[in-house]
Protein chains: 2
Amino acid sequence: MPEHAVKFPGNLQRLNTMQNDHKDNSAARVVGDLKQDILQGYFAPGEKLAMARLKTRYNVGVSPLREALSQLLIEQLVVVENQRGFRVHPISKEEMLDIYQTRARIEALCVGLAVDQGDDEWEARILAAAHKMQKFSTSMESDPQEWERRHHDFHSAIVAGCHSPTLLGVRRSLYEKASRYRNLWLTDNMQQTDFFDANRKEHDQLIDALLRRDRETACKLIEHHLLSPSKALLESQTIPEKTV
Amino acid sequence: MPEHAVKFPGNLQRLNTMQNDHKDNSAARVVGDLKQDILQGYFAPGEKLAMARLKTRYNVGVSPLREALSQLLIEQLVVVENQRGFRVHPISKEEMLDIYQTRARIEALCVGLAVDQGDDEWEARILAAAHKMQKFSTSMESDPQEWERRHHDFHSAIVAGCHSPTLLGVRRSLYEKASRYRNLWLTDNMQQTDFFDANRKEHDQLIDALLRRDRETACKLIEHHLLSPSKALLESQTIPEKTV
DNA sequence: TTTCGTTGAAATGTCGACATTATTTGCTTG
DNA sequence: CAAGCAAATAATGTCGACATTTCAACGAAA
């Protein structure tokens, strides 16, 4: 009943969820849904995840729930206290900065490798993804979910060129952790036309560097590109300095 | 009853396990023990993890077991098949190379940051750890477990200088994944005096570069240092080329 | 009167037993 | 010998017993 409005975009997890609906066990489905709810802020950072509430929300028993929570525990999206149940992993500017900086460095690593290893197919996919993102830049405010999806696809197309599943797995994990903060920022202030203009310019520069195989410049650009939201987030009043 | 001999060293997980024995829930204890058993090869790659067997081995019911397995699922140490239970994550030279290369790059990233940010305390801890490792180099064959521990402490002391919990978490995860292969290699051929001589020389060079704050050299050295085991592992007969 | 500590009851999490469902094995029959 | 059906085997999910925590009410001391 207390169905909070799901405010903002997320990632492509929803797609997985859809697939999981019929196959797999119910724990896997809950993992996807619960992850969504945490990343998008339905459950606030630090909030208690009472079993009774989760049970009604996802229509499952405690066993699948505990399995799902156990997985999110490793991904550091929830924390568990001795016998006091689960809570959403708390947030802090300290952790936010660490995640964003690490993510920027990892992404730069991916981009560097991709520049060295990427082939024609790689270039083609980047341009295709960039085009789809470009086409949607006007409808950004009407459907932020779809825009975020295309934006994500664009960056994924770039790093895919590194051909390292392990490294890409690390990257995905960091992206998810960061998306909690990003969604928080989007709820804070949505109308950021100037920001998105700068964003688009950076994309153009990045594509240029990639196609020129200018590794140095590409890495610098992507690192700056991923770091800029963290600067805005530092001003946020809703994020505590350190973990409470 | 079928108590296989625990063959080889591992990491510091055992310490955690000890602490967890009295506090925490039983799932947390099983996670530590089961991880040990997988990393050290008690359970072979690809082997089926039958609930009945695990139940008797760890003296717990199925609920904590499923929780533990769920966590190792995210860490990619086990895999789950639709309704057919869990297996140990299979190994392959392909994955081995990917893990080792990624790990080397991440470690180089940590070292680079540590060189920039490390202070006197950092230098002191490195020298202390190096000394303890040095002192044990003769007893290496008698107690490989303890030697591995000191070796690990040494490298940990170096990367600790980067002061990034997130990045260090990524590093630890990759270290654990790699240790499965490393243990496999150690069982294959234990007497590798020449290898360890080269190893020690690399350590000395590394320390020298670190104290000189020669970032470039330190990163190159550590990357090469972590990559060399993978070259030996490529020759192994026991690891399949690709996942079966 | 207010504040702090204690105690008891209610709530919540943990874990194992049982039931359900899916898969595999083995036997029978064409 | 192959195909299909039946029994077993094994994993998944629900439920309930037990243990721990939380909260509130009560009482004593300042």
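Residue numbering restarts at 1 for every chain, and letters A, B, ... go by the order of the sequence lines.
Counting to the nearest Å, the P atom of dG13(D) and the CG atom of L65(B) are 16 Å from each other. Rounded to an integer number of Å, the gap from R87(A) CZ to dT21(D) P is 15 Å. Atom CD of E81(B) and atom C1' of dA10(D) are 13 Å apart (whole Å). Rounding to whole angstrom units, CG of residue L69(B) and P of dG13(D) are separated by 14 Å. Following rounding to the nearest Å, L49(B) (CG) and dA10(D) (P) show an atom-to-atom distance of 14 Å. Atom-to-atom, CZ of R53(A) to C1' of dG13(C) comes out at 17 Å; the value is rounded to the nearest Å.
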For nucleotides 5-9 of chain D, give me every protein contact, N/O to N/O, under 3.5 Å, one pair per line with atom names.
none

So which protein N/O to nucleotides 15-19 of chain C N/O distances come out below 3.5 Å?
| residue | atom | partner | partner atom | Å |
| --- | --- | --- | --- | --- |
| dC15(C) | OP1 | S26(B) | N | 2.6 |
| dC15(C) | OP1 | S26(B) | OG | 2.9 |
| dG16(C) | OP2 | G61(B) | N | 2.7 |
| dG16(C) | N7 | S63(B) | OG | 2.8 |

Check: protein-nucleotides 22-26 of chain C nitrogen or oxygen pairs below 3.5 Å:
| residue | atom | partner | partner atom | Å |
| --- | --- | --- | --- | --- |
| dT24(C) | OP1 | R84(B) | NE | 3.2 |
| dT24(C) | OP1 | R84(B) | NH1 | 2.9 |

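With sequence neighbours excluded, no residue forms a salt bridge (charged side-chain N to carboxylate O under 4.0 Å, His left out) with R87(A). E235(A) pairs by the salt bridge (charged side-chain N to carboxylate O under 4.0 Å, His left out) definition with nothing, not counting sequence neighbours.
Salt bridge E47(A)/R53(A): present, at least one basic N to carboxylate O contact under 4.0 Å. Classification of E75(A) and K177(A) as a salt-bridged pair fails, no side-chain N sitting under 4.0 Å from a carboxylate O. Using a 4.0 Å cut-off between a side-chain N of Lys or Arg and a carboxylate O of Asp or Glu, R171(A) and E176(A) do not qualify as a salt bridge.
Counting non-hydrogen atoms under 4.0 angstrom, A52(B) reaches nothing in the nucleic acid.
For the ring pair (Phe, Tyr, Trp, His ring centres under 6.0 Å) condition, no pair includes a residue of residues 86-106 of chain A, sequence neighbours left out.
Within the 6.0 Å centre-distance limit, the rings of H152(B) and Y175(B) are counted as a close aromatic pair.
At a cut-off of 3.5 Å, with distance as the only test, no side-chain donor of S164(A) or T166(A) sits close to an acceptor on the other residue. Under 3.5 Å, the side chains of D37(A) and Y58(A) contain a donor-acceptor pair of N or O atoms.
Counting heavy atoms from C-beta on, the side chains of L234(A) and I239(A) never come closer than 4.5 Å.
Between H151(B) and H155(B), the ring planes lie perpendicular to each other; the angle is over 60°, past the 30° to 60° tilted range.
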